[in-house]
Protein chains: 2
Amino acid sequence: MNDTRQHQLGDLQFAIMRVLWERREATASEVHAALLAERGLAPTTIATMLKKMEAKGVVDHRTEGRRFIYRPLVQEREVRRSMVRDLVSRLFQGDATALVNHLVTEKELDREEWLRLKAMLQEGEDQGNE
Amino acid sequence: MNDTRQHQLGDLQFAIMRVLWERREATASEVHAALLAERGLAPTTIATMLKKMEAKGVVDHRTEGRRFIYRPLVQEREVRRSMVRDLVSRLFQGDATALVNHLVTEKELDREEWLRLKAMLQEGEDQGNE
DNA sequence: AAATTTCGACTACCCGGGTCGTACTACCTG
DNA sequence: CAGGTAGTACGACCCGGGTAGTCGAAATTT
């Protein structure tokens, strides 16, 4: 039911979801308009993708007059969780700290980000125990 | 040339690479044997995959007698880097700290991992300057 | 030498993400 | 009312990851 596979989204699919998450619902052409700048896709491409995504169960639509109003069925949190989890399990055998370690040693974080990270950790000091 | 697309590996491909990285080279059947436990794949599947991967440029082979000895052409570091980078750019608009933040707030780290992470950060205190 | 195993080559699929072109239909507008 | 417009439906492809069967040649075994 709450299949985690539904949370694995391709690039375009994720971009479409971002639009849907931002606004809380949108028509195909609104999505198309929103993505036109970064990708130059045909309107039908978006429509087709939305249809496939609906079949997959990640979005839903309601008909209003002539047009379909799409609405996300999965939460951004869930998708991120599952995609990150997937990557961690593939690349780091499920060890999330190994990922952080990777970010640090591979200098994916610059000095400034590094500091922010430390601050964040300090802040969340009292979490995890209950 | 050093196409970053070559560093995007599928699940099986990554598993195969892990074997190749561990040993420094291996035949198709050695890889197959190594992966037989976790995945129950036919030997031909591995062979086909290796061929595809060679076409893609991530592995290489040398003939010894009549068997192919495969050797990785891309480094594990590079692949991890590029795959993590890709995910971060898709899911977090390139903000790596947002990923760490995600790990923390979504409780992807348990108490024990959390401590290790803090220790690691303390340890790496003097990095980031070059 | 004959039979059997081994291993690569080739081929064929399936599936899902992605990209559209075309067709059809309801609608609006001159 | 006719013609353009908007918006969905349908179907066609491409591509790459993944899975594997079959075939033929070479090596090994009996």
Side-chain angles (χ1 to χ4, degrees), chain A residues 3-19 25-36 38-71 74 79 82-83 86-87 90-91, chain B residues 3-19 25-36 38-71 74 79 83 86-87 90:
Chain A
D3 194 352
T4 169
R5 220 177 2 202
Q6 298 190 325
H7 299 156
Q8 295 298 324
L9 302 180
D11 199 40
L12 177 57
Q13 298 191 356
F14 193 82
I16 290 176
M17 287 309 280
R18 276 215 318 269
V19 178
E25 51 181 35
T27 66
S29 48
E30 281 169 346
V31 174
H32 172 250
L35 297 179
L36 191 54
E38 41 183 285
R39 300 143 190 266
L41 294 177
T44 53
T45 301
I46 304 294
T48 303
M49 217 55 226
L50 279 167
K51 178 176 286 295
K52 289 191 175 182
M53 288 163 75
E54 182 162 26
K56 189 182 181 179
V58 295
V59 300
D60 195 6
H61 89 272
R62 130 182 82 91
T63 311
E64 187 164 288
R66 195 77 280 102
R67 48 179 142 7
F68 285 9
I69 318 274
Y70 283 94
R71 178 175 60 95
V74 296
V79 172
S82 136
M83 291 185 72
D86 189 64
L87 191 85
R90 303 229 299 231
L91 264 57
Chain B
D3 195 353
T4 169
R5 221 177 3 200
Q6 299 190 326
H7 301 290
Q8 295 297 325
L9 302 179
D11 199 40
L12 177 57
Q13 299 190 354
F14 193 82
I16 290 176
M17 287 309 278
R18 277 214 318 269
V19 177
E25 50 180 37
T27 67
S29 49
E30 282 169 345
V31 174
H32 172 249
L35 297 179
L36 191 52
E38 41 181 285
R39 299 146 190 266
L41 294 178
T44 52
T45 301
I46 304 295
T48 303
M49 216 57 226
L50 279 167
K51 179 176 286 295
K52 289 190 175 184
M53 288 163 74
E54 182 163 24
K56 189 182 180 177
V58 295
V59 300
D60 195 7
H61 89 274
R62 132 182 81 91
T63 311
E64 187 166 287
R66 70 240 109 285
R67 50 174 142 1
F68 285 6
I69 317 273
Y70 283 94
R71 180 174 59 95
V74 295
V79 173
M83 290 184 72
D86 188 63
L87 191 84
R90 303 228 301 230

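It should be emphasised that the depicted structure is a prediction, and the values quoted were computed from it without experimental measurement. So that the names make sense, note that chain A is the first sequence line, chain B the second, and so on, each numbered from 1. Hydrogens, waters and symmetry mates are skipped; everything else that's a heavy atom, side chains included, is used.
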Let me check something: any side-chain donor-acceptor pairs from residues 57-65 of chain B under 3.5 Å, sequence neighbours excluded? List them with distances.
unit_1: B:D60; atom_1: OD2; unit_2: B:R71; atom_2: NH2; d: 2.5
unit_1: B:H61; atom_1: ND1; unit_2: B:E54; atom_2: OE1; d: 3.0
unit_1: B:H61; atom_1: ND1; unit_2: B:E54; atom_2: OE2; d: 2.7
unit_1: B:R62; atom_1: NH1; unit_2: B:E64; atom_2: OE1; d: 2.8
unit_1: B:R62; atom_1: NH2; unit_2: B:E25; atom_2: OE1; d: 2.8
unit_1: B:R62; atom_1: NH2; unit_2: B:E25; atom_2: OE2; d: 2.6

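Summarising the geometry, the separation between NZ on A:K52 and P on C:dT19 is reported as 10 Å, rounded to the nearest angstrom. A straight line from NZ of A:K51 to P of C:dG17 spans 15 Å, rounded to a whole angstrom. For the pair B:E54 CD and C:dG8 C1', the computed distance is 12 Å after rounding to whole Å. At whole-Å resolution of the value, NE2 in B:H32 and C1' in C:dC7 are 13 Å apart. One interatomic measurement links the two molecules: CG of A:L41 to P of C:dG18, which rounds to 10 Å at whole-angstrom precision.
No engagement by A:A47 is indicated, since no non-hydrogen atom pair under 4.0 Å with the nucleic acid exists. Residue-level contact check: B:L9 touches neither bases nor backbone, having no heavy atom under 4.0 Å from any strand.
For A:R67, there are no salt bridge (charged side-chain N to carboxylate O under 4.0 Å, His left out) partners, not counting sequence neighbours. Under the rule for a side-chain hydrogen bond (donor to acceptor under 3.5 Å, both in side chains), A:T45 has no partner lying at least two apart in sequence or in another chain.
Along DNA chain D, read 5' to 3', the first and last nucleotides having any atom under 4.0 Å from a heavy atom of chain A are D:dG7 to D:dG11.
The C1' atoms of five pairs define one axis at each end of the helix from C:dA1-D:dT30 to C:dG30-D:dC1, and these two axes lie 10° apart (to 10°).
For residues 56-71 of chain B, proximity to DNA chain C is found at B:R66, B:R67, B:F68, defined as any non-hydrogen atom under 4.0 angstrom from a strand atom.
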Test side-chain contact (heavy atoms from CB on, under 4.5 Å) on A:M17 and A:V74; report intermediate values, then the result. CA-CA 9 Å; A:M17 287 309 280; A:V74 296; 3.6 Å; yes
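Under 3.5 Å, the side chain of B:T27 and the base of C:dC7 form no donor-acceptor pair of N or O atoms.
In terms of phosphate contacts, A:T45 brings a side-chain nitrogen or oxygen within less than 4.0 Å of OP1 or OP2 of C:dC20.
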